[in-house]
Number of protein chains: 4
Amino acid sequence: MYDDLIMKPKDEKKVEAIAAAVYLLAARHGLAAVTLADIAREAGVATSTLYVYYKSREDLLDDVYQKAKTATVTRYSRNDDPAASLKSRLRLIWNNIVDNRIENQQQVAFLEQYYHSEYLSETSCALGQRMTAPFLELLVGGQKSEQLKQVPPPLLAATVMGLAKETAVLVSRGHLPDDEDTRASGFQICWDAIRA
Amino acid sequence: MYDDLIMKPKDEKKVEAIAAAVYLLAARHGLAAVTLADIAREAGVATSTLYVYYKSREDLLDDVYQKAKTATVTRYSRNDDPAASLKSRLRLIWNNIVDNRIENQQQVAFLEQYYHSEYLSETSCALGQRMTAPFLELLVGGQKSEQLKQVPPPLLAATVMGLAKETAVLVSRGHLPDDEDTRASGFQICWDAIRA
Amino acid sequence: MYDDLIMKPKDEKKVEAIAAAVYLLAARHGLAAVTLADIAREAGVATSTLYVYYKSREDLLDDVYQKAKTATVTRYSRNDDPAASLKSRLRLIWNNIVDNRIENQQQVAFLEQYYHSEYLSETSCALGQRMTAPFLELLVGGQKSEQLKQVPPPLLAATVMGLAKETAVLVSRGHLPDDEDTRASGFQICWDAIRA
Amino acid sequence: MYDDLIMKPKDEKKVEAIAAAVYLLAARHGLAAVTLADIAREAGVATSTLYVYYKSREDLLDDVYQKAKTATVTRYSRNDDPAASLKSRLRLIWNNIVDNRIENQQQVAFLEQYYHSEYLSETSCALGQRMTAPFLELLVGGQKSEQLKQVPPPLLAATVMGLAKETAVLVSRGHLPDDEDTRASGFQICWDAIRA
DNA sequence: AATGAATGAGTTTTCATTCAT
DNA sequence: TATGAATGAAAACTCATTCAT
């Protein structure tokens with residue numbers, strides 16, 4: 001009965017309003033409690049309008065997830081200068097991750113909940129890996145120049161991202177101030193963790 | 001130990017079966033998709049029987065959360081020897097955290113989802129902080145003896161736990177082998193991260 | 001997620017009330033216009049109760065169809081005496097069909113609409129053929145004794161059933177009186193149609 | 001010819017495409033399952049375009065019904081020669097009915113479902129009777145010349161039409177071959193049924 | 001005339017919770 | 001204590017219809 005798996009997003013503004021509504025509501029009430037009626041109300045459209053853009057609730061959330069994931073990973077490498085030193089580049093990336101977590105709390109809250117709550121579509125799953133490939137290459141380069149520990153590269157990557165996340169969470173919850181000291185301490189920990 | 005949230009915990013076996021069902025289903029299908037009917041079926045009781053043990057769905061999940069959280073945190077300090085060196089004690093704790101994540105994946109999956117998806121009851125929230133207090137004290141002691149970095153203690157705690165988590169996730173997903181090398185590299189990273 | 005294809009009818013009275021509601025509403029408003037809320041109201045239960053008995057609207061209608069079809073075909077051979085003459089037996093069957101159509105108009109109305117409106121489940125489809133087998137044998141017997149025309153037996157069966165239906169429809173619509181004359185004329189036409 | 005039910009029948013091709021879509025979809029999925037979106041897609045127009053031609057869904061179906069009904073009844077008397085013998089004329093009509101049912105299965109499927117499923121508009125209802133009037137007159141003529149049974153004329157009409165339908169259904173379903181024998185047997189049954 | 005987009009008013013379906021036994 | 005059955009409230013989803021372009 002249905003032709004296409006994904007419907008054409010017609011009005012980009014509405015699609016973005018829908019995504020923003022999902023982020024907000026997931027962060028505020030928890031993804032499990034977010035209904036299509038909530039999303040529609042927050043996005044300023046009728047519930048049935050959501051079905052003009054998406055075939056089902058699952059489709060909607062999956063698309064929003066992909067949008068958010070792409071945006072997030074893109075922010076990780078913002079202002080990255082390939083000519084800079086390894087430590088400088090990692091500091092920038094680490095800061096980008098912390099910034100992203102703090103500035104886009106709602107998006108991050110949604111991403112983490114959706115990641116757990118439903119089996120991601122294969123497309124979404126592959127997406128994550130594709131985006132982190134350049135980051136892995138940077139780390140491998142650091143290992144070759146013997147600046148970083150000779151451990152499995154995914155462990156290095158997980159260390160950087162995990163530590164950035166922990167710092168950001170502490171800041172978001174008010175356990176740490178969002179200042180230069182926090183950034184300095186946080187990255188020092190990160191750098192000491194991975195350097196050779 | 002038991003407050004009024006739990007109504008008539010006569011049959012401990014049933015309570016455990018219910019908790020086990022919740023862990024399994026949350027890990028398999030995502031907590032948001034777990035219905036009381038699912039839990040009852042998996043636990044081998046009738047749906048209405050759940051109300052013999054709990055006042056509501058929220059109560060049930062909250063109790064299961066507290067059980068899991070307590071068990072988890074308890075495992076963190078298993079075999080801890082207060083007389084041992086700081087590094088030894090942290091290595092043991094780090095390994096305990098990794099072990100717990102690998103051996104009790106379903107429980108951990110539930111804990112993380114529940115933590116995100118709904119506002120924890122105050123009781124549950126306080127629980128987490130109470131359990132980690134001794135760990136924080138250990139770290140503060142390490143700072144006083146100048147073995148650890150002079151940064152806010154929560155940052156040290158988050159570092160240890162975050163890094164243990166990252167290692168365990170890589171192992172669980174098959175990206176790293178579950179062997180001595182992994183443990184050695186993982187803890188080396190952790191120790192370098194926090195040591196002065 | 002679901003265990004059984006067909007749920008166990010728990011309260012036979014309710015199942016019958018549901019079926020009766022479907023017959024009544026299908027006859028009154030047309031099957032396409034019958035909603036689950038209508039059925040529930042007419043049957044004196046809550047809408048959600050329908051889902052205690054059936055997995056979906058389709059399942060419900062399919063089960064009601066099978067019930068009605070079985071009941072109908074059973075009525076066709078009511079009081080049939082295998083020892084009676086061919087003509088007597090056919091007259092009885094023909095009358096039974098006419099009676100059924102007149103007395104169970106609602107059921108018949110539902111059967112005809114459901115037959116058209118949705119692709120019947122294979123089970124339902126097979127049912128029809130199984131029930132008419134004895135009738136076909138009777139006709140074949142009549143051909144062997146050269147009392148009936150030597151034409152394909154399904155054509156004889158369709159003739160008897162089709163003519164009984166036409167008579168019943170004329171009576172139901174008030175175009176013919178429901179009396180002995182009508183029965184006599186009607187069966188005379190039928191007998192002349194098939195006799196050798 | 002056109003009343004106010006039809007709004008702007010400018011493009012006859014589109015109107016025909018719409019009707020064809022209705023026949024096809026009603027036969028394939030059942031009339032109850034046919035949505036305006038389905039019809040539009042099958043007819044190659046936008047859904048809202050249907051409202052250029054019709055005021056509502058009901059109007060659309062009613063118009064399509066009238067078209068189909070007229071076409072069908074017209075086919076019944078195709079090549080009818082008022083000068084021919086009664087039996088010849090009835091044989092022709094009987095064959096025309098069988099032909100129509102076999103050749104226009106989709107149209108017939110739609111007609112029967114629409115006839116059952118919704119109360120026909122008065123116009124549509126009257127149409128059916130108007131079309132069959134000449135046929136009734138032919139039968140009454142046959143009774144006057146004592147060639148046909150002295151029974152209520154509607155019974156004779158129903159007999160002829162009902163038997164033609166049954167034969168056609170058996171052929172359509174593959175239970176009978178579409179050959180001369182089938183036609184001969186079929187009409188023999190019909191003629192024996194009604195002749196005096 | 002033709003249509004893509006939007007929607008209100010419904011429909012089916014789900015599920016936590018209650019209740020009689 | 002345990003449960004099968006029932007249900008109200010709310011969820012997802014559908015679709016005929018409207019409207020700006």
Side-chain angles (χ1 to χ4, degrees), chain A residues 1-2 7-11 13-14 32-40 43-61, chain B residues 7-11 14 32-40 44-61, chain C residues 1-2 7-11 13-14 32-40 43-61, chain D residues 7-11 14 32-40 44-61:
Chain A
M1 229 56 170
Y2 293 108
M7 325 216 108
K8 291 179 192 168
K10 287 130 201 203
D11 182 342
K13 289 218 169 150
K14 235 158 234 169
V34 176
T35 69
L36 292 183
D38 290 336
I39 296 172
V45 298
T47 306
S48 52
T49 303
L50 299 179
Y51 286 87
V52 174
Y53 292 86
Y54 301 103
K55 262 209 328 265
S56 68
R57 179 193 149 94
E58 192 178 332
D59 255 39
L60 186 155
L61 291 180
Chain B
M7 303 190 81
K8 295 177 184 177
K10 292 279 165 73
D11 188 343
K14 243 162 219 168
V34 176
T35 68
L36 291 185
D38 290 336
I39 296 171
V45 299
T47 306
S48 47
T49 303
L50 299 179
Y51 284 85
V52 172
Y53 293 88
Y54 300 104
K55 267 203 317 247
S56 69
R57 176 192 150 95
E58 194 178 330
D59 269 22
L60 187 156
L61 291 181
Chain C
M1 229 54 168
Y2 292 107
M7 327 213 107
K8 292 179 194 168
K10 288 133 203 202
D11 182 342
K13 288 216 169 151
K14 233 157 238 169
V34 176
T35 70
L36 292 183
D38 291 337
I39 297 171
V45 297
T47 307
S48 50
T49 302
L50 298 179
Y51 285 86
V52 172
Y53 293 86
Y54 301 103
K55 265 211 324 268
S56 67
R57 179 193 151 95
E58 192 178 333
D59 255 39
L60 187 155
L61 292 180
Chain D
M7 305 191 77
K8 295 177 183 178
K10 294 276 164 72
D11 187 341
K14 245 162 219 168
V34 176
T35 68
L36 290 185
D38 290 336
I39 295 171
V45 299
T47 306
S48 46
T49 303
L50 298 179
Y51 285 85
V52 173
Y53 294 86
Y54 300 104
K55 266 205 313 248
S56 68
R57 177 191 149 95
E58 194 179 329
D59 268 21
L60 186 155
L61 291 180

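Worth knowing before you read on, the calculation uses all heavy atoms, side chains too, and leaves out hydrogens, waters and symmetry mates. Note that the coordinates shown come from a computational prediction; the quantities given were computed from them, not determined experimentally. Residue numbers begin at 1 in each chain, while the letters A, B, ... track the order of the sequences.
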Rounded to the nearest 0.5 Å, what separates atom [atom1] in [X] from atom [atom2] in [Y]?
| X | Y | atom1 | atom2 | value |
| --- | --- | --- | --- | --- |
| Thr47(D) | Ile39(D) | OG1 | CD1 | 9.5 Å |
| Thr49(C) | Leu36(C) | OG1 | CG | 12.0 Å |
| Asp59(C) | Leu50(C) | CG | CG | 12.0 Å |
| Arg57(D) | Thr35(D) | CZ | OG1 | 8.0 Å |

For [X] and [N], what is the distance between atoms [atom1] and [atom2] respectively, to the nearest whole Å?
| X | N | atom1 | atom2 | answer |
| --- | --- | --- | --- | --- |
| Leu60(D) | dC15(F) | CG | P | 16 Å |
| Ile39(A) | dA12(F) | CD1 | C1' | 11 Å |
| Glu58(C) | dC13(F) | CD | C1' | 16 Å |
| Asp59(D) | dA16(F) | CG | C1' | 13 Å |

*List the steps, then state whether side-chain contact (heavy atoms from CB on, under 4.5 Å) holds for Tyr53(C) with Asp11(C).*
CA-CA 9 Å; Tyr53(C) 293 86; Asp11(C) 182 342; 3.2 Å; yes
_Presence of Tyr54(B) side-chain N/O under 4.0 Å of dA16(E) phosphate oxygens OP1/OP2_ =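 No, because none of the side-chain N or O atoms of Tyr54(B) sits under 4.0 Å from OP1 or OP2 of dA16(E).
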*asked:* Just to be sure I follow the notation: if a pair is Watson-Crick (purine N1 to pyrimidine N3 plus N6-O4 or O6-N4) or a G-U wobble (N1-O2 and O6-N3), each under 3.5 Å, what dot-bracket string does DNA chain E give, with | for pairs to another strand?
replied: .||||||||||||||||||||
Pairs: protein N or O with nucleotides 7-11 of chain F N or O, under 3.5 Å:
| from | atom 1 | to | atom 2 | distance (Å) |
| --- | --- | --- | --- | --- |
| dT7(F) | OP2 | Ala46(C) | N | 3.2 |
| dT7(F) | OP2 | Thr49(C) | OG1 | 2.4 |
| dG8(F) | N7 | Ser48(C) | OG | 3.2 |
| dG8(F) | O6 | Ser48(C) | OG | 2.4 |

*asked:* Tell me the closest heavy-atom pair linking Ala32(B) and Ala32(A), and the distance in Å.
replied: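 Nearest heavy atoms, Ala32(B) then Ala32(A): CB-CB, 3.7 Å.
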